[in-house]
Each structure stands twice: as C-alpha cells, then as structure tokens.
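Note that these values count all heavy atoms, side chains included, but never hydrogens, waters or copies made by symmetry. Quick caveat, the model's predicted, so the values are computed rather than measured.
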There are 2 protein chains.
Amino acid sequence: MASRSSARDELLGVALEQFASVGYSGTSLSQIADIAGYSKSTVLYHFAAKETLLEAALSPAIETLTGILNDFARRGATPSSQGEFVAQFVDFLLENRLSVHMFINQGQSLQGIPVIHRANSLIVELAESLSGDMATAVDKVRFGVALGGAAYMLVASETWSRDPLPVDEIRSALVAVVTELLAPIHLRPTAL
Amino acid sequence: MASRSSARDELLGVALEQFASVGYSGTSLSQIADIAGYSKSTVLYHFAAKETLLEAALSPAIETLTGILNDFARRGATPSSQGEFVAQFVDFLLENRLSVHMFINQGQSLQGIPVIHRANSLIVELAESLSGDMATAVDKVRFGVALGGAAYMLVASETWSRDPLPVDEIRSALVAVVTELLAPIHLRPTAL
DNA sequence: AGGATACCTGACCGATCGGTCAGAAACTGC
DNA sequence: GCAGTTTCTGACCGATCGGTCAGGTATCCT
C-alpha cells in the first residue's frame with residue numbers, strides 16, 4: 001500500500017529527472033534503471049526505446065499546456081482572461097518544472113523527436129496567440145524573455161542561491177514579473 | 001591569406017557550435033573532427049581531452065564577462081553606471097551567444113567541470129552585486145528572469161520564428177527590456 | 001492443477017564513445 | 001641535404017552505448 005506507483009511510473013519519474021538534470025543524451029538507460037532499482041532490460045520492456053521513454057515522460061506536460069492554450073483561446077482577449085492565463089501558465093511552469101526545463105534547454109537539440117517537435121509547435125502557437133504578426137520587436141523580445149526567463153528561474157534558483165526561495169514566493173513573484181512583462185503586449189488570442 | 005585561422009581555432013569554433021546546439025555530451029570528438037575537416041586524432045593532438053576542448057572554447061567569454069563585472073564594481077552604483085552595465089552586458093550576450101547558451105542551458109549538468117564552475121560562480125557574483133542579500137524575492141526573480149530570458153532569446157529567436165529578427169533590433173529591444181526589468185532593483189556593486 | 005499472461009533479468013550484439021600510440025608528412029633552421 | 005620539430009593520421013584499445021533475445025518467476029484465469 002505504501003508504494004502505489006508501478007515500475008513503469010517509477011521509471012518515468014527517474015527518467016524525467018535525469019533527462020532534465022544531465023540531459024537526454026547524457027542519460028543512459030542503465031543509469032535510469034540503476035537509480036530506479038531495476039535492470040536495463042526492464043526499462044526496455046516497458047518502453048520500446050529510449051525515445052519512447054522521453055515521449056512518455058513529456059506527454060503529460062504537453063497535454064496540460066495544450067489545455068491551457070485552448071482555454072485562453074476560447075475565452076477571448078479580455079484583461080481578466082490575460083490575468084488568469086498568466087496565473088495558469090505560471091502554475092503550469094511550477095508543476096512541470098522538469099518537463100519545461102527540458103523543452104527550453106534541449107528542445108533545439110532534440111528537434112528530430114516527435115514529442116519535442118509538438119512542444120515547439122505549441123510554444124510557437126503560444127507566441128503567436130500572445131504577440132501576433134503585428135507585434136514589435138520589443139514585444140517579441142518581451143515575450144521571449146518572459147517565457148525563457150520564467151522557465152530558467154524554475155531551476156536556476158536551486159543552482160545558484162545558498163537558500164532556494166520557497167515555492168509560493170517564487171510563484172507570486174513570477175506571476176508579478178511575467179504579468180508586468182506581458183502587460184504592454186496587445187493580446188489577441190486566436191483559435192488553435 | 002584567405003584562411004587565417006589555424007586548425008586549433010577552427011576546431012574550437014566547430015566545437016563551441018556543436019556543444020551549444022546538440023549539447024556537450026551529445027557531441028562526439030569525431031563529429032567535431034569531421035565537420036572541421038580533420039581526424040579525431042588531430043582534435044586530441046591539439047586538446048588533451050574533450051574537457052580541455054570545452055575549457056578552451058568557453059574561456060574567452062568568461063574572461064570578457066569578468067572584465068565587465070570588474071568595470072561595474074569599480075565604477076560604483078550610479079544610474080549611468082547601471083545603464084552602461086546593461087548595455088555592455090547585452091553586447092556581451094550577443095557577441096558570445098553560443099558560450100552563454102552553454103552556460104545557461106548546460107551549466108547545471110556540467111558542474112563537475114572547472115570552467116563551468118567558474119562561470120557559475122561569476123553568475124552568482126553578478127546576481128549578488130546586482131540584488132544583494134537584502135533584495136526581495138521579486139527582485140531575485142526579476143534578475144533571474146532578465147538573465148535567463150535574455151540568454152534564452154539569443155537562440156530561441158532562431159528556433160521559433162520563420163524570420164529571425166535582425167541583430168540590432170534584438171540588441172536595442174533586449175537593452176530596453178532588461179533595463180526595464182532591472183530598474184526597480186537597488187543597485188549596490190561590490191568588490192569582486 | 002495447469003496453461004496463458006505479465007513482469008523482470010542476464011547474456012549477448014554491433015556500434016560508438018573518449019583516448020593512446022607509432023609513425024607518416026610537412027615545415028623549420030642549418 | 002639533413003636533423004628536429006610541429007602537425008596530422010590510421011590502427012587500435014577498453015568501456016559503454018541502445019537494443020535483442022531466451023528464459024526465469026510470479027500472477028491470474030479456469
């Protein structure tokens with residue numbers, strides 16, 4: 001009763017942790033197996049290939065983000081909608097730190113992998129729905145800095161400071177800073 | 001006269017490019033050698049080990065950043081000094097895209113390597129000289145978002161958009177956004 | 001009890017990894 | 001022309017990579 005998680009789930013968790021911290025190519029299947037307490041063969045029993053494992057590890061975050069984007073597109077461009085979106089987005093970042101870290105940091109080098117391509121497409125849609133074709137360069141940079149910066153803070157806070165900030169402080173601070181960054185951008189949500 | 005660069009420099013350039021785009025562990029010495037038009041043995045003739053190659057590729061950026069920080073510390077905390085610092089820093093980011101990309105994206109996973117550790121220490125000093133112990137959580141997040149976001153934009157702009165922004169537009173936009181982000185932070189440069 | 005099924009593992013495979021080494025080729029100073 | 005040095009390379013090494021396969025064990029269904 002104590003350990004409710006199946007071997008598959010344990011492996012998924014360990015894999016995501018390792019992929020995010022030492023990189024996809026820097027993580028070997030035997031590392032994952034060892035940490036999770038199984039053999040490499042067991043990893044390859046549950047997941048046909050290393051790439052399948054990555055796919056399975058990242059999919060939940062992608063689906064969540066898709067939902068958030070759909071909600072935003074359905075609601076329209078009212079200011080309150082923007083506020084709710086930022087809050088939802090920051091919560092998404094906080095609850096999917098590792099996946100987001102992977103997208104941001106390794107999305108470029110893993111473009112061949114389908115799940116990564118889907119994630120990148122999502123981010124492009126996000127960017128376009130927030131700062132469309134008409135947006136100025138400053139608006140684009142503003143959006144990029146907000147997204148990349150927020151994602152970066154999720155992990156950097158632990159890397160740098162002797163005493164990492166508590167989660168709720170990070171959340172409210174992120175909401176404030178991201179809201180402030182996105183405020184000047186003319187919002188025009190589009191259908192996905 | 002056409003090709004002034006020695007084999008060593010060519011290898012350094014290719015290595016930095018590959019390390020930044022597909023990751024340190026995702027890059028093999030033979031890849032670097034092939035792209036540069038040499039053999040793997042030649043790489044290991046000029047650089048004792050893969051790690052040495054990384055060290056040599058990143059060192060110039062580290063030294064430049066050290067100089068910028070020293071200048072800032074020497075000048076003091078006047079508003080004009082802050083402005084100049086941001087401009088210098090953004091120029092540094094733009095002129096060292098690949099190195100910065102490596103620090104930000106892989107600094108965590110390469111902590112065992114001396115040159116990376118030096119770079120991380122530099123960033124911590126930068127953070128402390130900008131937003132000291134007294135800074136609020138919002139200030140810390142503001143700084144982190146500015147740094148990570150700016151660094152992220154350097155590469156993301158090419159990954160996302162169909163038509164990447166021209167460099168000078170990115171520069172001025174980055175200066176504007178970073179200045180705006182750091183503005184509320186009480187500056188107190190310290191000796192390095 | 002007994003067969004089907006799910007789960008897990010060790011042995012093994014070819015490929016590639018970072019790295020060593022002996023020596024060829026090219027350039028130096030004399 | 002010739003020794004000495006620098007630059008470069010192919011052959012080779014042990015280790016590890018992702019992945020296959022045959023088989024062991026446990027569980028479930030009847």
Can you pull every protein N or O that's under 3.5 Å from an N or O on nucleotides 23-27 of chain C?
none

Pairs under 3.5 Å (N/O, protein and nucleotides 16-22 of chain D):
| unit_1 | atom_1 | unit_2 | atom_2 | d |
| --- | --- | --- | --- | --- |
| D:dC17 | OP1 | A:Ser28 | OG | 3.0 |
| D:dC17 | OP2 | A:Ser30 | OG | 3.2 |
| D:dG18 | OP1 | A:Thr27 | O | 3.3 |
| D:dG18 | OP1 | A:Lys50 | NZ | 2.9 |
| D:dG18 | OP2 | A:Leu29 | N | 2.9 |
| D:dG18 | N7 | A:Lys40 | NZ | 3.1 |
| D:dG18 | O6 | A:Lys40 | NZ | 3.4 |
| D:dG19 | OP2 | A:Lys50 | N | 2.7 |
| D:dG19 | O6 | A:Lys40 | NZ | 2.7 |

> Are any of the side-chain heavy atoms of A:Leu126 and A:Phe85 separated by less than 4.5 Å?
Replying inline: yes
> Roughly how many Å is it from OH in A:Tyr45 to P in D:dT25, rounded to a whole number?
Replying inline: 17 Å
> Is NZ or CZ of A:Lys50 both nearer than 6.0 Å to the six-membered ring centre of A:Tyr24 and within 45° of the ring axis?
Replying inline: yes
>> What verdict does the side chain to side chain contact (heavy atoms under 4.5 Å, CB included) test give for A:Arg118 and A:Ser59, after you've listed the backbone C-alpha separation in whole Å, the side-chain angles of each residue and the deciding distance to 0.1 Å?
In response: CA-CA 10 Å; A:Arg118 260 190 292 146; A:Ser59 285; 4.2 Å; yes
>> Are B:Tyr152 and B:Ile104 packed together at the side-chain level, in the sense that at least one heavy-atom pair is separated by less than 4.5 angstrom?
In response: no
>> In the structure I gave you, are the side-chain heavy atoms of A:Leu54 and A:Met102 within less than 4.5 Å of one another anywhere?
In response: yes
>> Any side-chain N or O of A:Ser39 below 4.0 angstrom from OP1/OP2 of C:dT9?
In response: yes
>> Distance check, rounded to the nearest 0.5 Å: A:Ser121 atom OG versus A:Ile116 atom CD1?
In response: 11.0 Å
>> Tell me whether the side-chain N/O atoms of B:Thr42 come closer than 4.0 Å to OP1 or OP2 in D:dT7.
In response: no
>> Without decimals, in angstroms, what is the distance between B:Arg8 CZ and D:dT6 P?
In response: 14 Å
> Does the side chain of A:His46 get closer than 4.0 angstrom to OP1 or OP2 of C:dA6 through an N or O atom?
Replying inline: no
> B:Glu10 side chain to B:Gly37 main-chain N or O, any donor-acceptor pair under 3.5 Å?
Replying inline: no
>> For a salt bridge (charged side-chain N to carboxylate O under 4.0 Å, His left out) check, start with the C-alpha distance between B:Asp71 and B:Arg74, then their side-chain angles and the critical distance, and finish with the verdict.
In response: CA-CA 5 Å; B:Asp71 285 355; B:Arg74 184 163 29 75; 2.5 Å; yes
